[in-house]
Asks: 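Let me begin by handing over the structure; questions about it come next.
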Amino acid sequence: MTFEQARAKLSEAGQEHLLRYYDELNEEQKEKLLCQIEQLDMELPGMVEHGVAEAERGKLAPLGAVTLEEIAEKRESYEKLGIQAIQSCKIGAVLLAGGQGTRLGLEGPKGMLNIGVNKEIFLFERLIGNLMEVVEKTGAWIPLFIMTSEKNNDDTVSFFKEKNYFGYDPRYVFFFVQQMAPSVSYEGKFYMEEKYKVSTSPNGNGGWFISLVRAGLLDKVRELGVEWLNVFAVDNVLQKIADPVFVGAVLEHGCVCGAKVVAKADPHEKVGVLCLEDGKPSIVEYYEMTDEIIHSRDESGKLLYNYGVILNYLFQVDTLVKIVDQNLPLHVVEKKIPYINEDGEYVKPEQPNGYKFETLVLDMIHMMDNCLSFEVERDREFAPIKNATGVDSLESARNLMKKNGISF
């Protein structure tokens, strides 16, 4: 894109300020800025022009789960089927590791957080250890795709190399960078984070597959023979990855995707609940549920909307390829966005000052024809580290690690 083309594009959208410092830039910086402007979606600011409102939900209905009792009865057959799929290299794993550890007092990738007390053990290390249990059980390496962000990619890759991939075979580890989305002010103006760079942030966990495709890794998936991808979050220390029982259950039930869920601790627990929306699988957030839905129960007194997701999904690759060109809904999130002001000064706001745009993996579920809801034991598979203290903190995760006999 030339300077004149960029100016014309921005002028039409009322975003000419992005070229304010153009004459101060060197040739490399000018090229980077013009490239960014070429890729900008000028329709994004229109989403906040008249305020922000989430789309209305369709008709919701309960979706049951394969319960712990049912899984116990069929565990052997599920596991056998899952192990066969893993040994045939049909199962890959995708670690969503684009986040920073800022909220936990860590300057760097969240996965580099030291969760140990008596010894040094990192979040990445714990997750690789969980995956290694399956490798040892099946005798097969599971291709691991790690999604980073522009801000933490170099640190993440260097950390894995420095730690010798925590014992994992590097031939089966593939890094890719998450796509980014621009940030805007309350007035819908694109922010700049440097004189030659539009302010951007990762486009949400729903962007994982399109980011993998654009990184050229779908060819690697095909080359390896991978037919299913198990997507999981970086912050759950008890996360079971490529779990043969889970894999086998999804395969045996003939579903195109599966979701690990836990029974809600109480009706008002702040978790997304797997249900049906207009007849298709969907996840409804706790703040979208009415009191009637929250408290509705079946004849035995069990909550109808009872199963919360823990961000551990199994997707069929062929189905993902079919939907990859369909646009996921964009969620507008109010945030504190550092920016360059009119005087070229870097400003780090103390209060929210604009919006970021995110896609969410939960919206991918609604694009599936079906989804197996697979119940797991909360205390054995769900110990997220999101907060510095209190609920879902390092302290609570350590307590659950201790309960599960994990030394740290």
Side-chain angles (χ1 to χ4, degrees), residues 61-86 91 93 127 130-131 133-134 137-138 228 230-233 235-276 281-284 286 293-315 362 365 368 370-384 391-392 396-397 399-406:
L63 176 63
V66 182
T67 64
L68 294 173
E69 293 76 19
E70 293 169 323
I71 293 166
E73 289 178 6
K74 301 200 67 176
R75 183 179 184 86
E76 189 174 329
S77 64
Y78 286 160
E79 188 172 54
K80 182 179 179 180
L81 191 57
I83 288 174
Q84 289 173 347
I86 291 167
I91 310 300
L127 294 174
N130 294 347
L131 186 55
E133 291 178 9
V134 181
K137 188 182 190 78
T138 62
W228 297 82
N230 182 196
V231 184
F232 64 100
D235 57 13
N236 180 2
V237 297
L238 296 184
Q239 194 93 252
K240 284 191 178 180
I241 307 148
D243 174 7
V245 182
F246 177 42
V247 170
V250 174
L251 294 177
E252 186 162 313
H253 283 263
C255 293
V256 295
C257 78
K260 285 197 169 188
V261 298
V262 293
K264 292 170 71 172
D266 66 75
H268 290 281
E269 185 179 7
K270 296 180 178 181
V271 292
V273 173
L274 192 60
C275 63
L276 293 174
S282 189
I283 295 169
V284 58
Y286 66 93
I293 289 176
I294 289 171
H295 293 286
S296 57
R297 298 176 183 269
D298 63 18
E299 297 82 2
S300 65
K302 186 176 181 180
L303 291 173
L304 287 174
Y305 294 84
N306 187 45
Y307 296 105
V309 292
I310 62 172
L311 216 172
N312 188 311
Y313 304 105
L314 185 67
F315 289 101
L362 58 85
I365 298 294
M368 302 287 137
N370 49 57
C371 180
L372 183 72
S373 184
F374 183 91
E375 186 183 5
V376 299
E377 291 184 63
R378 176 187 294 264
D379 286 356
R380 293 196 177 277
E381 294 200 36
F382 191 45
V391 178
D392 294 344
S396 62
N399 289 336
L400 285 170
M401 287 168 66
K402 184 178 181 180
K403 186 174 181 179
N404 282 275
I406 299 171

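The figures here come from the full heavy-atom set of this structure, side chains too, leaving out hydrogens, waters and symmetry mates.
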Asks: Taking the side chain as every heavy atom from C-beta outward, state whether V250 and F374 have any pair of such atoms under 4.5 Å apart.
Replies: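 Not touching, per the 4.5 Å side-chain cut-off.
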Asks: Check residues 75-86 and write down every donor-acceptor pair under 3.5 Å in which the side-chain atom is one partner and the other belongs to a residue at least two apart or another chain.
Replies:
| from | atom 1 | to | atom 2 | distance (Å) |
| --- | --- | --- | --- | --- |
| S77 | OG | K74 | O | 3.0 |
| Y78 | OH | H253 | NE2 | 3.0 |
| E79 | OE2 | K137 | NZ | 3.4 |

Asks: Taking the side chain as C-beta and beyond, is there a heavy-atom pair between I406 and L238 under 4.5 Å?
Replies: yes
Asks: Would you say that L251 contacts W228 through its side chain, given a criterion of any heavy-atom pair below 4.5 Å between the two side chains?
Replies: yes
Asks: Can you find a heavy atom in the side chain of V134 that is under 4.5 Å from one in the side chain of P244?
Replies: yes
Asks: Could you list the residues that satisfy side chain to side chain contact (heavy atoms under 4.5 Å, CB included) with T67, not counting sequence neighbours?
Replies: E69, E70, K302, Y307, E375
Asks: Taking side chain to side chain contact (heavy atoms under 4.5 Å, CB included) as the definition, give me every residue that meets it alongside A397, ordered by chain and number, with sequence neighbours left out.
Replies: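 With sequence neighbours excluded, A397 shows a side chain to side chain contact (heavy atoms under 4.5 Å, CB included) to V237, A383, I385, given in chain and number order.
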Asks: Considering residues at least two apart in sequence or located in another chain, which fulfil the side chain to side chain donor-acceptor pair (under 3.5 Å) criterion with R380?
Replies: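 By the side chain to side chain donor-acceptor pair (under 3.5 Å) rule, R380 matches N404.
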Asks: Kindly compute the distance separating CG (D392) from CG (N236), expressed to the nearest 0.5 Å.
Replies: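 CG of N236 is found 9.5 Å from CG of D392.
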Asks: Kindly write out the residues that satisfy ring-ring contact (aromatic ring centres under 6.0 Å, His included) with F382, not counting sequence neighbours, or none if the list is empty.
Replies: none
Asks: Which donor-acceptor pairs under 3.5 Å do side chains of residues 259-272 form with protein atoms, sequence neighbours excluded?
Replies:
| from | atom 1 | to | atom 2 | distance (Å) |
| --- | --- | --- | --- | --- |
| K260 | NZ | D243 | OD2 | 2.9 |
| K260 | NZ | E381 | OE1 | 2.8 |
| K264 | NZ | P267 | O | 2.8 |
| D266 | OD1 | H268 | N | 2.8 |
| D266 | OD1 | E269 | N | 3.1 |
| H268 | NE2 | H295 | NE2 | 3.2 |
| E269 | OE1 | A265 | N | 2.7 |
| E269 | OE1 | R378 | NH2 | 2.9 |
| E269 | OE2 | R378 | NH1 | 2.8 |
| E269 | OE2 | R378 | NH2 | 3.3 |

Asks: Under a 3.5 Å distance rule, please check whether N370 uses its side chain to pair with a backbone N or O of P281 as donor and acceptor.
Replies: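 Flag not set: sc N370 to bb P281 has no pair under 3.5 Å.
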Asks: So, using side chain to side chain contact (heavy atoms under 4.5 Å, CB included) as the criterion, who are the partners of L276 when residues are at least two apart?
Replies: A61, L63
Asks: How would you list, by chain and number, every residue that makes a side chain to side chain donor-acceptor pair (under 3.5 Å) with D379, sequence neighbours excluded?
Replies: K403
Asks: Name all residues meeting the side chain to side chain donor-acceptor pair (under 3.5 Å) criterion together with D298; count only those two or more places apart in sequence or in a different chain, and write none if there are none.
Replies: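 Counting only residues at least two positions away or on another chain, D298 forms a side chain to side chain donor-acceptor pair (under 3.5 Å) with S300.
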Asks: Between CD of Q239 and CD1 of I310, what distance do you get to the nearest 0.5 Å?
Replies: 5.5 Å
Asks: Rounded to the nearest 0.5 Å, how far apart are SG of C275 and CG of N306?
Replies: 12.5 Å
Asks: Run the side chain to side chain donor-acceptor pair (under 3.5 Å) test against N230 and tell me which residues pass, sequence neighbours left out.
Replies: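 If we apply the side chain to side chain donor-acceptor pair (under 3.5 Å) test to N230, skipping adjacent residues, the hits are N312.
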Asks: Working note: L274 + I365, criterion side-chain contact (heavy atoms from CB on, under 4.5 Å); need CA distance, chi angles, decisive distance, verdict.
Replies: CA-CA 9 Å; L274 192 60; I365 298 294; 4.0 Å; yes
Asks: What residues form a side chain to side chain contact (heavy atoms under 4.5 Å, CB included) with L362, not counting sequence neighbours?
Replies: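 For L362, the residues satisfying side chain to side chain contact (heavy atoms under 4.5 Å, CB included) (neighbours in sequence not counted) are I283, E285, L360.
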